[in-house]
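In what follows, chains carry the letters A, B, and so on, assigned in the order in which the sequence lines appear, proteins first and then strands, with residues in each chain numbered from 1.
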2 protein chains.
Amino acid sequence: MSSKSINNCVLKAREEEIMDTALEIITAQGIAGLTIDKVAAKIPYSKGTIYNHFTCKEDLLTGLCNRSVENLYNLFYHAASFDGCSREKILAIGYAYMLHALLNPTEFMLVISAKTPSIGEKSSEKRREEHLHLEGKLLENILHVISEGLTSGDFKLQSHLSPAQVAFALWSMCFGTIVLLHESLDRCSVRTEMELERELINHANLMLDGLNWKPYTQEHDWAGTLKKYKTELFADEVRQLKRLQNK
Amino acid sequence: MSSKSINNCVLKAREEEIMDTALEIITAQGIAGLTIDKVAAKIPYSKGTIYNHFTCKEDLLTGLCNRSVENLYNLFYHAASFDGCSREKILAIGYAYMLHALLNPTEFMLVISAKTPSIGEKSSEKRREEHLHLEGKLLENILHVISEGLTSGDFKLQSHLSPAQVAFALWSMCFGTIVLLHESLDRCSVRTEMELERELINHANLMLDGLNWKPYTQEHDWAGTLKKYKTELFADEVRQLKRLQNK
DNA sequence: CATTATTGTTGACGAATCGTCAAAATATCT
DNA sequence: AGATATTTTGACGATTCGTCAACAATAATG
């Protein structure tokens, strides 16, 4: 029994090592450049052992994707703790989403790839379920801020919308914007004129105005709020990002 | 010279044949199941000939993707001809986007895959440029309706937004919603409670309200407009879709 | 401690796929 | 017809995948 739990701990560490190495390779050579043999060559274990942890290459990719979503969860959690009104909190979550995508381009890219059938279909059931579970946890953060906004009276639910629908609207809007403006992905045609941070804030504000979530875009100093995100709430992350972009 | 143009015509037809066959295989066996050898086995030409048309498998996928965007362009064009106010036209474009994704799930999936570096990176420069060009043409349709809305006074540009930014906001919002709720892709965790058509209309209306694009959601019979889309503007497409879903 | 049982690890192997290219087939020109 | 240019072909070497029989390490037993 104790031997078992020691084993689990060792196994977990090895799984992390495999994933770290895989991420290195993907960052350097792209998803297509990832090979189980290459991973095996970089760690003190063999190919067979890797296949004891992951059923196939795609399963490994989904594993990486899930680890990334866990980190995103923590960032959302932190965003929801912003010291301000509910609309500032919800916008902070959108901003956190963007920061995460910029700070971890490789992993963000993996989230999209994992939604692609060629990868999703082949992953193990276990990891696919884990992925759904993690996405659900992500949404909980948004739902929490929504209920805060409702109780504080900052906005009212339109009769035809549930809190989950509002959360999903905000999420999918951010997702679409980030995907289409993400540097790591094939730039879309209008990209040259578009700047991710500015557009994300614009889109979010448009939708929040549409929800009548107060204070409206025109009634509040959102540039000031944005500055607070950068200098207070996500000071660390923004610093990291600057370092990354100067390289 | 005449021989050249005959050749081009023949070559074009063969390219279509290759793409049709590839699409069949992908529909049946997924992107991962697509193999150049399998395509060659289904057409009266050999592998080498396929490589005369497409530099690699990924290039073929991007080719399929582009063909799909061309069809989408036509659908957008048709949507913009809706006999109604500008907001009804812009909503029609969003609806057309959804119809296209539902009618051509395989191809829509390819559009996402093509944005993924593992595919995008390896495609030929020629086809990637073509892709950007086609996306630009898509946006033109939206921009046209936006300028119509502006001249008719249905909405006014907020000072910090350009027409292109408005077009991009609507596009990325639709894109995010469709991707996350698309059946062919890995269903996201909240999917069970969400229904694509309903959410797409909701999201679009939220953003259009945020833009102050009149008439507002509450001031107009949008259910009636939706019915018109289904029975008039896109009667053919909706019929096709029903047939597809009954199978 | 020696022996057996169990569990974990390895890397050589067959199968599948990729993209190439020299040779064969076909078309064009004189 | 014969020479030349173009197109097509499919066998080939190179990769990569995932498996599995053999091997090593550890635990259990007498």
Fill in the blank from the handout: Judged by nearest nucleotide, the residue sitting upstream toward the 5' end of DNA chain D, B:Gly48 or A:Thr55, is B:Gly48

Problem - Sugar-phosphate, base or nothing in reach of A:Leu34, heavy atoms under 4.0 Å - result: sugar-phosphate

Completion exercise
When rounded to whole Å, the CG to C1' distance for the pair B:Asp37 and C:dT17 reads 7 Å

Exercise for the section: Under 4.0 Å between any heavy atoms, over every strand shown, what does A:Thr35 touch: base, sugar-phosphate, or nothing? Just pick one. Expected result: sugar-phosphate

Handout entry: Gap between atoms NE2 and C1', on B:His53 and C:dG19 respectively (whole Å)
Key = 16 Å

Handout entry: Geometric class of the B:His203/A:Phe168 ring pair [parallel <30°, tilted 30-60°, perpendicular >60°]
Key = tilted

Exercise for the section: Might you confirm whether atom OH of B:Tyr45 has over 12 heavy atoms from other residues, nucleotides or ligands at distances under 6.0 Å? Expected result: yes

Completion exercise
Picking from C:dT10, C:dG8, C:dA12, the nucleotide nearest the side-chain atoms of A:Arg14 would be C:dG8

Handout entry: Salt bridge present between B:Glu107 and B:Arg67 (N-O < 4.0 angstrom)
Key = no

Handout entry: Near-ring test B:Phe76/B:His100, centroid separation under 6.0 angstrom
Key = no

Handout entry: Any A:Thr49 side-chain N or O less than 4.0 Å from OP1/OP2 of C:dG8
Key = no

Exercise for the section: Verify the contact: side-chain N or O of B:Lys57 to OP1 or OP2 of C:dG19, cut-off strictly under 4.0 Å; return yes or no. Expected result: no

Problem - For atom OH of A:Tyr45 and atom P of C:dT9, their distance in whole Å - result: 8 Å

Practice task
To the nearest Å, give me how far apart CD1 (A:Ile50) and P (C:dG8) are.
Solution key: 17 Å

Handout entry: Value in whole Å for how far the P atom of C:dC18 lies from CG of B:Leu60
Key = 10 Å

Handout entry: Nucleotide of C:dG11, D:dT19, C:dG19 approaching B:Lys47 most closely (side-chain heavy atoms)
Key = C:dG19

Handout entry: Proximal nucleotide (of D:dG10, C:dT20, C:dT10) relative to the B:Ser46 side chain
Key = D:dG10

Problem - Rounded distance (Å) that lies between atom P of D:dT7 and atom CG of B:Leu11 - result: 8 Å

Practice task
Using salt bridge (charged side-chain N to carboxylate O under 4.0 Å, His left out) as the criterion, point out the one residue from B:Lys122, B:Arg127, B:Lys126 that pairs with B:Asp59.
Solution key: B:Arg127

Exercise for the section: Consider the side chain of B:Asn52, meaning its heavy atoms from C-beta on, and name the nucleotide among D:dT19, D:dT8, C:dG19 that approaches it most closely. Expected result: D:dT8

Practice task
Figure out the NZ/P separation between B:Lys38 and C:dA16, and round it to whole Å.
Solution key: 11 Å

Handout entry: Length of the line joining A:Ile36:CD1 and D:dT15:C1', which is rounded to integer Å
Key = 14 Å

